[in-house]
Amino acid sequence: MPDPAPLTPFTIDGKPITAKPGQTIIQAAMDAGVYIPYLCYYPKMKPYGACRMCLVETEVKIVRKVKVKKGDLEVEEEQVTVQKATVASCTAPVQKDVVVRTNTEPIIDLRKGVLDLLMAEHPHGCLTCHRIELCGPQDICQRHVSVTDRCTICPKNERCELKDTMRSLELDLRTPLNYHRRNLPVHTDDPFYDRDYNLCIVCARCVRVCEEVRFDTALTLTNRSGVSLVGTTHGSSLLESGCEFCGACIDVCPVGALVERDYKWEKAARRVKTVCTNCPVGCQMIAEVNRYDKVIRFVADLQGEANNGQACFKGKFAYAYPNSKKRLKYPYVRENGVLKRVTWEDALRRVADKLKVFAPNQVAVISSPRGTNEDHFAAQQFARTVLKTQNVDSGLNTVPEIFERLRGRLGNAAGTHPAAHLERSKCIMVVSGNPTEEQNVLAVYMKKAARAGADIIVIDPRETELTRYTSTWLRVKPGTETLALWGIARVIVDEALEDKEFTSNRTSGIDGLKRTLLAEFDPAVVANECGIGEDLLRKAARIYAKSAPAGLVFGVGTMPREGRAALTDAVVNLAFLTGNAVKDGGGIFPLYPGANTQGAYDMACTPDPAQRGTGVADLAAAIADSRIRAAIIMADGLNAEAEGLNGLQKELAHLDYLVVSAVFDTEITATADVVLPAAPYPEQQGTVTNLERRVQMVRRVALPKNEERTGWETVAALARTMGVTGFGYKTAADVFAEIRRVVPQYAGLSHERLQNGGIQWPCADENSPGTAVLLATTQEGQKWAFVDHAPSLTRTAMADSGYPLTLVTGRVLIQPERDPKVAKRGDMNYIGREEVISIHVRDAAAAGIHDGDMIEVASESGPIVSGRARLDSTLQGIVSVTALFGGVVSAMQDSIQADASPYVPELPLRRVKLAKIPARANELAGAR
Amino acid sequence: MPATFEQIAEQAKARWQALTAGKRPWIRVGYAISGQAAGADGVFDAAIAACNQQGIEAEVTKVGSLGLNYLEPILDVTLPNGPRVFYANVNPDEVAGILTQHVRGGKPVTARAFAQQPAGATAFDGIPKLADLPEWKMQVRLAMRNCGNIDPHDIYQYVASGGYSALNKALTSMTSDQVLNEVKGSALRGRGGAAFPTGVKWSFLAPSKAPLKYVLVNCEEGDPGAFNDKGILESDPHTLIEGLLLAGYATNSNYGYVFIRHGHDLPVNATRRAIQQCYELGLAGKNILGTNFSFDIEVAFTGDSYVAGEETALMEAIEGKRSAPRFKPPFPAAFGLWGRPSNINNVKTIAYVPQIVQNGGAWFKSIGTQSSSGTAIVCLTGHIKRPGMYEIPMGLTIRQVLEDIGGGVVGQKIKLLQTGGPLGGVLGPEAFDTPIDFDAMSKAGAILGSGGIIVGNETVEVVDLIRNLVAFCQFESCGKCFPCRLGNTHMVEVLDRMCRGTGRTGDLDLMARIGSAMKVGSLCGHGQLGYNPISSALKFFGEEFKSRGQTGQKPLGSFHDGSMILPTRTRP
């Protein structure tokens with residue numbers, strides 16, 4: 001570790017404190033607990049210097065040596081001058097020994113002067129009302145201030161930063177300035193957001209967070225001078241502005257101008273730190289809970305190590321399902337086809353009795369995809385020690401091939417580096433993944449790197465949001481992603497761009513790899529097979545190899561199952577070849593759907609291939625051929641439509657016995673023999689592990705109101721009912737104590753330690769700070785092996801069966817060349833544009849389609865999309881459609897599912913055929 | 001086609017010889033924007049037509065402006081080896097007659113000629129010499145030395161007038177440090193308004209070892225009543241380009257931007273043309289004049305925004321962003337355009353540099369006053385008899401400028417001056433003995449600023465004038481920092497009601513309170529100086545304000561006759 005740079009000592013209000021290098025005065029003051037008021041400054045954003053609330057007086061002594069004549073002698077004397085200034089402490093860097101005064105009379109007067117001006121533009125009945133002392137945080141009254149100013153116009157009464165600032169300054173609000181209300185219409189027609197610019201103070205936090213942290217620039221400042229205000233980039237709806245609905249602007253808004261529409265008027269009774277369980281990034285969030293124990297708001301936590309104060313459309317707006325009235329409250333058993341309410345004891349007894357009927361390997365236990373490590377651990381303990389079955393898995397473990405291969409290659413089934421370090425990368429290669437939609441905050445780090453000059457390479461047949469950030473988009477034929485990676489490796493070897501020191505000291509088998517590459521992967525042939533230009537392949541290889549550190553982010557979104565292991569191998573090979581596997585800012589990041597799939601692997605709540613266990617991915621097939629006859633499924637958030645679980649829904653009916661613990665009555669519970677009420681995240685206490693191996697606390701926000709139980713409680717109770725010892729856990733911490741005894745990577749962790757923030761495993765003992773970079777330290781002589789056998793060059797052929805083409809769907813934030821045609825339906829904005837379906841000329845000819853025809857794309861399960869044909873696809877056999885991101889957000893908002901986020905559609909590839917919509921319909925469509 | 005400087009100079013000399021001492025007479029039409037506004041287009045066309053009709057073989061050239069705007073359009077005729085005779089306020093109808101008599105007859109139209117410049121000893125009788133005119137006599141023309149004399153689109157005419165010899169001198173016989181030292185020694189102070197010593201500013205940039213450094217020239221010039229930056233660019237762009245190249249050399253920079261306000265076509269075109277000519281002759285670009293010094297120049301602009309003239313806002317504008325000022329530090333010398341070390345100077349400042357390098361810093365320092373060396377380029381407008389652009393040595397008093405150069409007031413008596421742009425201030429007659437230099441002016445309560453002086457006679461209503469100035473500042477605020485965005489808006493509101501006659505007691509205190517918040521609190525000079533117009537007006541015309549601070553007053557000025565168009569950008 002290099003020596004930390006020296007701290008700068010200075011004084012603030014007479015108190016000597018120090019500043020870290022590069023800190024401004026306000027940052028150092030905040031660290032030291034000195035309050036300086038501010039409105040436009042926001043931690044983790046660049047200072048802006050607009051509100052001038054944070055003005056302070058500074059005094060610097062400057063000592064100069066001057067020559068002075070004393071009589072005949074010229075002597076050198078020290079001349080001391082004192083430089084005084086009034087500076088904005090958010091922008092002024094700390095100078096050594098500067099004397100800062102934050103509360104002098106002139107400074108306070110100045111702040112009041114500016115606030116006076118601001119108050120004359122901002123509704124402030126909440127401050128002048130004579131009932132203010134009596135007013136509670138949720139009170140709304142109608143009679144005491146003017147109509148346009150009363151507390152019902154501002155959803156942030158008593159949680160307003162401006163109001164807090166006013167109070168801290170004890171502003172008397174008796175200014176002779178005239179008050180003007182702007183009388184602007186409130187925008188309530190976009191998904192999830194309400195925007196009331198009557199309340200805006202133009203601090204530009206929202207514009208800045210959108211531009212400088214999220215890189216979406218969906219918001220902008222409009223106009224100038226007194227009419228300067230915030231607006232959307234295209235001056236219209238958020239849907240067409242390029243907004244990704246991450247809610248960052250809402251989180252930073254100091255006043256009531258930007259708020260979430262749901263629970264808009266609710267006030268928080270308490271705030272609890274927890275972790276979002278929608279995806280494996282593991283964003284730390286602050287759940288705001290009202291006095292009825294409902295989660296009313298999710299605010300991204302600035303202290304979250306994984307997300308640094310960021311969240312996404314799912315995390316920000318799909319948190320409220322536990323508040324639903326449709327939740328399952330009691331245990332039920334099915335008698336004569338009808339679910340009948342029973343007691344827990346009764347239900348468990350029946351389950352315990354029934355399970356005895358089946359042979360161990362006929363039973364499967366599926367832990368909840370949103371389950372905690374404690375849930376996973378208890379589930380697998382139960383399955384393996386009580387039921388003695390190897391058929392145990394977690395609900396969204398749909399891509400086990402990645403984990404298995406990573407375990408095989410790296411010794412650990414996990415991502416190698418801290419996600420936030422991706423922003424240090426000079427190059428990031430994204431293979432077959434769509435992080436913007438599925439692991440959103442990861443994409444934020446990538447975009448940050450891109451903004452800082454890093455090259456983004458995308459290898460994906462789909463047009464995803466990240467393709468907008470790349471100059472090197474390898475739009476390969478579906479299924480040839482792995483081939484492209486091998487081709488890249490070949491170019492690297494050809495041009496001697498590999499990290500020779502790393503490959504010779506830390507890896508083995510490079511010669512074998514080179515032989516294979518030279519023998520089988522001619523770049524020209526590879527490029528041709530992939531359907532891209534050889535130049536592009538070489539360019540990608542050069543960029544990746546020459547930019548250090550370079551990160552590798554890969555998913556298997558476009559890969560058929562049988563190709564996933566090979567893809568993982570190719571990815572690891574590349575990271576070893578260039579040494580990026582161990583460089584800070586490099587690394588390997590697997591993308592997968594489940595929020596705590598990592599934890600499930602760590603807890604061994606996954607089928608062990610050596611023991612031939614059946615996991616989620618094979619469950620449907622195993623049920624179909626009666627290998628599995630009974631199952632216990634914890635279904636919180638399990639998406640039966642997710643790839644890998646397709647068909648599961650149908651097959652569940654074939655089970656002889658099905659026990660489901662769920663939050664809602666869904667397609668999974670439809671055929672269950674026993675339905676147990678599960679407690680969703682706000683009622684859970686435990687830990688989850690994200691894709692960077694960070695173990696974080698999920699905190700109990702509210703107690704279950706009815707008879708819901710968390711996963712481990714259910715499993716442990718069942719085990720006890722079955723008369724097994726060893727499941728006497730009282731709390732989640734008890735389960736965790738067992739975990740740290742059994743799982744070596746977790747040995748140094750405890751609930752107590754994790755209270756102060758997440759820790760990345762391996763963490764060997766109580767004193768270990770965890771491990772940020774997985775492969776950084778290795779034992780002497782340990783070498784990583786290359787995989788030198790190549791997958792078959794031919795693409796995995798998908799079954800034809802009358803569906804000759806592959807549909808590649810893409811989704812982007814904005815498509816400037818096409819009008820989104822935002823239209824109102826009811827009171828809401830919707831994207832109304834007609835889709836354009838790109839097809840190849842020969843495919844069109846085969847289907848008798850001409851340019852501009854209305855066509856329909858249908859798969860086995862029915863029509864998918866219709867729109868106008870455009871004969872411009874470059875790849876034969878591919879049909880591509882690009883939709884706008886806003887459509888997903890609208891769909892999520894309108895979802896009839898209480899828990900909408902598992903139903904957000906992904907972008908799978910599908911076998912399809914084309915059909916022309918008859919001319920009559922064509923005309924009608926044209927007329928419309 | 002790159003050439004040595006000697007080759008260029010020789011060619012320039014030959015061309016100049018042909019113009020002034022050849023066989024053909026040289027007819028020049030003042031074609032700057034002031035000339036065009038007065039009808040120079042018609043005069044130029046009439047001159048061409050007359051020559052064609054009368055079979056006169058003459059060189060007819062569009063030149064810049066002499067600065068004598070009240071005399072525009074100006075047509076002047078130089079017979080071979082003869083004096084240059086100026087005709088003022090020429091009507092296109094009379095051009096043919098003048099040319100017939102002067103060119104074909106060889107006798108100037110004495111009655112219409114207002115001045116002449118003798119060629120050696122040759123002079124016509126009955127026409128005053130230009131150098132003897134009162135408005136010319138007191139001028140010291142350094143930056144404006146070529147204005148109105150040469151064709152701004154012809155680099156050879158500039159070279160023939162001594163142009164680019166300073167660059168040649170610097171590149172061939174001086175180190176960059178020596179150039180910097182000459183500028184330091186000249187005590188040249190920035191002409192953009194802040195009057196910061198130019199040499200010191202350059203010395204912040206010079207030592208930086210960054211591979212890419214910028215020198216920016218600011219010709220945003222949004223002040224009402226100021227047109228000297230544009231005046232120099234449209235009449236003599238090469239003096240700026242040469243100065244910019246020298247600045248680049250002195251600071252070891254490699255890229256220059258000339259930032260001009262969008263829509264000012266004449267200066268934009270002239271500057272672009274000049275840059276293009278420099279590239280053609282090897283005076284810009286790679287290895288200038290065969291030396292190791294390389295410097296690229298580009299013209300940049302933004303949409304019309306006054307604040308874009310603030311140095312950091314200007315950088316934002318060049319970067320294609322909203323032109324709102326950045327906070328400082330970091331200062332431009334460390335983090336400027338595109339985040340690279342930069343220096344930014346006013347057009348006038350840079351325009352002095354060739355002469356300073358040519359004649360030495362000490363020579364420049366000897367002109368003007370102790371604290372403000374050199375000249376001031378003032379733009380006289382308003383109720384004054386001789387509006388125009390004049391270059392005077394620092395230290396002349398305001399009265400001298402108004403009476404001797406400006407020719408006195410239009411109307412009965414001068415009531416006030418508005419100097420240094422809308423953020424400058426207002427001066428009453430008591431202050432007219434103030435010498436024009438940076439320090440004396442700011443002591444008097446105004447600033448020299450960009451050099452605009454607007455004269456108001458007894459008919460001017462001070463409160464109405466100030467309302468207009470503050471409304472301008474309000475309209476042009478970028479809207480970023482709270483004190484300026486809101487303070488100006490509220491100040492306009494108060495001044496509006498004063499003008500309407502619905503003022504309130506305490507309004508002056510209210511404005512003072514807003515003003516003090518703006519002065520200390522604002523992010524950039526626009527807000528910090530925003531109260532200046534009011535405070536300076538209060539100093540001289542406090543009574544007028546006090547009487548408006550109560551209801552029942554008669555509406556003022558444009559409010560009186562209802563012609564006032566209220567600013568549209570007050571509130572959303």
Side-chain angles (χ1 to χ4, degrees), chain A residues 24 39-40 46-55 57 85-88 90-93 95 106-107 109-122 175-184 197-198 200-204 207 211 220-231, chain B residues 303 305-308 321-330 471-494 496-497 504-507 509-524 526-528 567-572:
Chain A
T24 59
L39 290 172
C40 73
K46 284 184 208 150
Y48 187 59
C51 75
R52 320 309 281 174
M53 271 311 100
C54 67
L55 288 171
E57 279 180 8
T86 304
V87 299
C90 66
T91 62
Q95 288 171 279
I107 285 291
D109 198 49
L110 193 62
R111 286 181 192 147
K112 284 183 178 176
V114 179
L115 269 187
D116 273 346
L117 293 167
L118 195 57
M119 278 305 102
E121 307 282 322
H122 188 90
T175 162
L177 293 165
N178 283 352
Y179 166 62
H180 294 269
R181 190 185 140 80
R182 293 183 184 136
N183 284 321
L184 298 167
Y197 291 130
N198 293 303
C200 177
I201 58 168
V202 205
C203 63
V207 177
E211 198 260 327
T220 184
L221 286 167
T222 60
N223 231 318
R224 66 179 187 223
S225 78
V227 291
S228 173
L229 207 61
V230 173
Chain B
S305 157
Y306 181 67
V307 175
K321 298 177 188 157
R322 195 181 154 83
S323 50
R326 302 171 181 171
F327 52 81
K328 291 178 271 188
F472 174 89
C473 298
Q474 191 273 338
F475 185 86
E476 292 293 354
S477 162
C478 77
K480 179 177 178 180
C481 78
F482 290 19
C484 177
R485 165 168 70 93
L486 300 163
N488 273 317
T489 304
H490 284 284
M491 217 128 76
V492 170
E493 188 179 320
V494 173
D496 266 357
R497 64 174 178 245
R504 302 174 190 164
T505 37
D507 270 356
D509 296 338
L510 180 58
M511 284 201 294
R513 183 165 165 73
I514 300 172
S516 70
M518 287 171 66
K519 188 173 177 180
V520 192
S522 293
L523 176 63
C524 81
H526 190 81
Q528 287 160 7
T568 50
R569 284 187 200 243
T570 321
R571 291 197 171 83

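By convention in this document, chain letters (A, B, ...) are assigned in the order of the sequence lines, proteins followed by strands, and residues within each chain are numbered from 1. No experiment lies behind these values; they were computed from the predicted model shown.
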Quiz prompt | Closest-packed option against chain B by number of heavy-atom pairs under 4.5 Å, given Val87(A), Val202(A), Asp109(A) | solution = Val202(A)
Quiz item: With chain A, which of Pro483(B), Pro325(B), Cys484(B), Gly487(B) has the greatest number of heavy-atom pairs at distances under 4.5 Å?
Solution: Pro483(B)
Quiz item: To the nearest 0.5 Å, what is the distance between CZ (Arg322(B)) and CG (Asn223(A))?
Solution: 7.5 Å
Quiz item: If you count heavy-atom pairs under 4.5 Å between each of Thr175(A), Thr86(A), Leu117(A) and chain B, which one has the most?
Solution: Leu117(A)
Practice problem: Please tell me if the side chains of Arg485(B) and Arg224(A) come closer than 4.5 Å, counting only heavy atoms from C-beta onward. | Solution: no
Quiz item: Tell me, side chain or backbone of Leu523(B) under 4.5 Å from chain A's heavy atoms, or both, or neither?
Solution: both
Quiz item: What's the shortest heavy-atom distance between Leu110(A) and Ala517(B), and which atoms?
Solution: CD1-CA, 3.6 Å
Quiz prompt | Cys51(A) side chain near Phe482(B) side chain, heavy-atom distance below 4.5 Å | solution = yes
Quiz item: Do the non-hydrogen side-chain atoms of Arg52(A) and Met518(B) ever get within less than 4.5 Å of each other?
Solution: no
Quiz item: Given a strict heavy-atom distance threshold of 4.5 Å, which part of Ser305(B) is in contact with chain A: side chain, backbone, both, or neither?
Solution: both
Exercise. Measure the spacing between CG of Leu486(B) and CG of Asp116(A) and express it to the nearest 0.5 Å.
Key: 11.0 Å
Exercise. Please flag which part of Thr220(A) lies under 4.5 Å from any non-hydrogen atom of chain B: side chain, backbone, both or neither.
Key: neither
Exercise. Side chain from CB out, backbone as N, CA, C, O: work out which of these in Leu118(A) comes under 4.5 Å of a heavy atom of chain B, or both, or neither.
Key: both
Quiz item: Rounded to the nearest 0.5 Å, how far does CZ of Arg513(B) lie from CG of Leu177(A)?
Solution: 8.5 Å
Practice problem: Enter the distance from His180(A):NE2 to Thr489(B):OG1 here, rounded to the nearest 0.5 Å. | Solution: 9.5 Å
Quiz item: Which region of Cys90(A), side chain (C-beta onward) or backbone (N, CA, C, O), has a non-hydrogen atom less than 4.5 Å from a non-hydrogen atom of chain B, or is it both or neither?
Solution: neither
Practice problem: Identify the heavy atoms of Gly479(B) and Ser228(A) that sit nearest to each other, and give their distance. | Solution: O-OG, 3.5 Å
Quiz item: Arg504(B) and Pro176(A): which non-hydrogen atoms are nearest, and at how many Å?
Solution: NH1-O, 3.7 Å
Quiz prompt | Over all atoms of both residues, closest heavy-atom pair of Phe327(B) and Tyr48(A) | solution = CD2-O, 3.7 Å
Self-check item: Least distance between heavy atoms, Gly49(A) atom then Cys481(B) atom
Solution: O-CB, 4.2 Å
Quiz item: For Lys519(B), does the NZ atom have more than 12 heavy-atom neighbours from other residues, nucleotides or ligands under 6.0 Å away?
Solution: no
Exercise. Heavy-atom distances under 4.5 Å only: say whether Pro106(A) touches chain B with side chain, backbone, both or neither.
Key: neither
Exercise. Measure the OG1-NZ distance between Thr91(A) and Lys328(B) for me, rounded to the nearest 0.5 Å.
Key: 11.5 Å
